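Input: a single structure, listed below in structure tokens.
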2 protein chains.
Amino acid sequence: MAGATTTKTIRRAPADKFDERRNQLAESALRTLGELGYARTSLREIANNSEFSHGVVHYYFSDKTELIVYCVRYYKAQCVRRYDGVVADSTTPAELLDAFAAKLVETLQDEAPMHRLWYDLRTQSMFEETLREAVLMIDQTLEDMIWRVVSRYAELSGAEVAMTPAAAYGVLDGLFQQALLTYLLADPQAALDELVGQVHALMPLTLSPHT
Amino acid sequence: MAGATTTKTIRRAPADKFDERRNQLAESALRTLGELGYARTSLREIANNSEFSHGVVHYYFSDKTELIVYCVRYYKAQCVRRYDGVVADSTTPAELLDAFAAKLVETLQDEAPMHRLWYDLRTQSMFEETLREAVLMIDQTLEDMIWRVVSRYAELSGAEVAMTPAAAYGVLDGLFQQALLTYLLADPQAALDELVGQVHALMPLTLSPHT
DNA sequence: GCTCGGTCTTGACAGTTGTCAAGACTTTCC
DNA sequence: GGAAAGTCTTGACAACTGTCAAGACCGAGC
């Protein structure tokens with residue numbers, strides 16, 4: 001709609017246009033899913049949250065499931081590098097710890113709907129076979145993401161990590177999920193404060209007693 | 001139908017009969033919910049898993065929501081004392097640790113559907129206001145349950161707990177949830193083994209360095 | 001200008017859902 | 001035995017869902 005098209009529309013491979021629409025629909029879908037949750041999200045509602053009508057979904061996706069899975073992967077691409085800056089910029093353990101906790105708080109605050117959607121989808125995968133593959137893939141990606149933070153923290157501390165990647169991810173994810181629940185259901189401010197304190201207390205415990 | 005009723009049916013306050021049916025329906029509902037998950041469970045399916053027809057639900061519950069919430073509370077009553085024996089019978093830290101880990105494995109194996117249902121309902125409460133109160137109440141109950149284990153573990157170790165009840169619950173719940181996911185989606189045996197190892201590694205970290 | 005391929009809307013379909021009313025069946029009590 | 005209260009079944013309803021087909025719209029190329 002902006003003036004980028006002068007004489008003709010910009011040369012664009014058909015596949016690009018197609019994929020762009022798919023991404024556009026994925027974004028509408030993610031917005032709706034984050035608001036309503038997996039169970040209560042219908043294709044019509046997704047279309048309502050976009051500029052298209054409900055029939056268009058079947059033009060770009062063969063299936064509701066295909067749309068959802070596409071959304072999940074699309075979402076992953078957005079969040080997987082979330083803590084890379086924290087890892088790259090910190091030069092001391094304390095600095096990394098503060099930056100990591102701050103980033104956790106930030107994403108909890110700014111993207112609470114997306115996080116609850118992720119937990120929703122992960123839980124649904126325990127009932128629905130179709131989600132299994134995508135969920136396992138994302139979960140692994142998140143574990144790797146956490147592992148980069150924890151192992152960098154150990155490196156800056158001059159210590160070894162005393163946990164497996166899975167364990168480190170498990171405990172941190174547990175704390176984050178609890179904070180999200182408190183944030184959404186009870187006391188947002190308390191949730192953020194507690195999360196900061198818990199992460200600061202936990203991270204040193206992931207290290208071996210220094211030699 | 002058994003011979004308990006001799007001349008008349010046993011004297012039974014009407015409220016008792018009413019509550020008994022409600023519990024009967026709650027059990028059918030929990031079986032169905034554990035199998036299908038919250039979203040895919042319909043009142044007709046619940047009735048199919050009982051000896052009644054679908055209309056009876058509305059005789060005992062005003063609402064689908066009321067049935068679900070009743071189920072949640074009914075479920076809680078079953079599981080809240082799960083680790084009391086572990087706490088009562090153990091006399092050394094190592095013994096408690098082994099017994100606790102064994103009990104976690106046992107309940108993960110025997111009641112996987114109920115556990116995934118709990119995580120499902122807890123996640124749904126982030127979208128649905130109606131579940132909020134019941135979920136927060138159960139979550140608190142579980143936190144207390146874990147706290148009894150952890151503080152007894154500290155007592156037997158002659159040390160102080162270095163975490164808040166919320167933090168201890170958060171990390172252990174994170175590990176358990178991860179184990180459940182692995183158990184259901186990937187490798188059941190590996191999930192159980194990893195859980196045992198992780199709990200053994202984590203529990204000592206909940207204690208203050210002994211004085 | 002006019003066709004043509006791609007894009008999108010509209011309307012309909014069959015199935016499922018929560019809800020509820022009407023009545024049949026059962027138990028209780030006189 | 002028969003009335004009354006309690007219990008349960010049946011069938012229907014409106015709303016909603018995923019799916020899809022028929023055709024309208026639109027820009028590009030001859």
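Proteins get letters first, then strands, A, B, ... in listed order; numbering begins at 1 in each. Computed from a predicted model, the values in this text were never measured in an experiment. Side-chain atoms are counted along with the backbone in the values below, which use heavy atoms only and exclude waters and symmetry mates.
Between the C1' atom of C/dT7 and the CD atom of A/E51 lies a distance of 13 Å, rounded to the nearest Å. Here the P atom of nucleotide C/dT7 and the CD atom of A/E20 are 12 Å apart, to the nearest Å. Taking atom NE2 of B/H58 as the reference point, atom P of C/dC20 lies 6 Å away to the nearest angstrom. When rounded to the nearest whole Å, the span between CG of A/L43 and C1' of D/dT17 equals 8 Å. Taking atom CG of A/N48 as the reference point, atom P of C/dT10 lies 12 Å away to the nearest angstrom. The interatomic distance linking B/E66 (CD) with C/dG18 (P) rounds to 15 Å, in whole Å. Taking atom CG on A/L67 and atom C1' on D/dT19, their separation rounds to 14 Å, with Å as the unit. Here D/dT17 presents its P atom at 14 Å from OH of A/Y38, a figure rounded to the nearest Å.
No N or O donor and acceptor, one from the side chain of B/H54 and one from the base of C/dG18, sit under 3.5 Å apart.
Cation-pi geometry between B/R22 and B/Y70 is met: under 6.0 angstrom from the ring centre, within 45 degrees of the axis.
Comparing D/dT19, C/dT7, C/dT19 against the side chain of A/D63 picks out D/dT19 as the nearest. Each of D/dG18, C/dC8, C/dT19 was ranked by its minimum atom distance to the side chain of B/K64; first place goes to C/dT19. You'll find that the side chain of A/R21 is closest to C/dT7, out of D/dT19, C/dC20, C/dT7.
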Applying side-chain contact (heavy atoms from CB on, under 4.5 Å), run through B/L195 and B/L104 and close with a yes or a no. CA-CA 8 Å; B/L195 180 58; B/L104 282 169; 4.1 Å; yes
Starting from the C-alpha separation in whole Å, work towards a yes-or-no answer on side-chain hydrogen bond (donor to acceptor under 3.5 Å, both in side chains) for B/Y60 and B/D19. CA-CA 9 Å; B/Y60 289 103; B/D19 278 359; over 6 Å; no
Full working for side-chain hydrogen bond (donor to acceptor under 3.5 Å, both in side chains) between A/Q124 and A/D120: CA-CA 6 Å; A/Q124 295 316 306; A/D120 191 7; 3.1 Å; yes
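Within 4.0 Å of B/R44, counting heavy atoms only, lies at least one base atom of the nucleic acid. Using a 4.0 Å heavy-atom cutoff across all strands shown, A/S53 reaches at least one base atom of the nucleic acid.
For the pair B/Q109/B/Y183, a side-chain contact is recorded, criterion being any heavy-atom separation below 4.5 Å from C-beta on.
For the pair B/S42 and C/dT17, the criterion of a side-chain N or O lying under 4.0 Å from OP1 or OP2 is met. Note on A/Y59: every side-chain N or O is 4.0 Å or more away from OP1 and OP2 of C/dC8.
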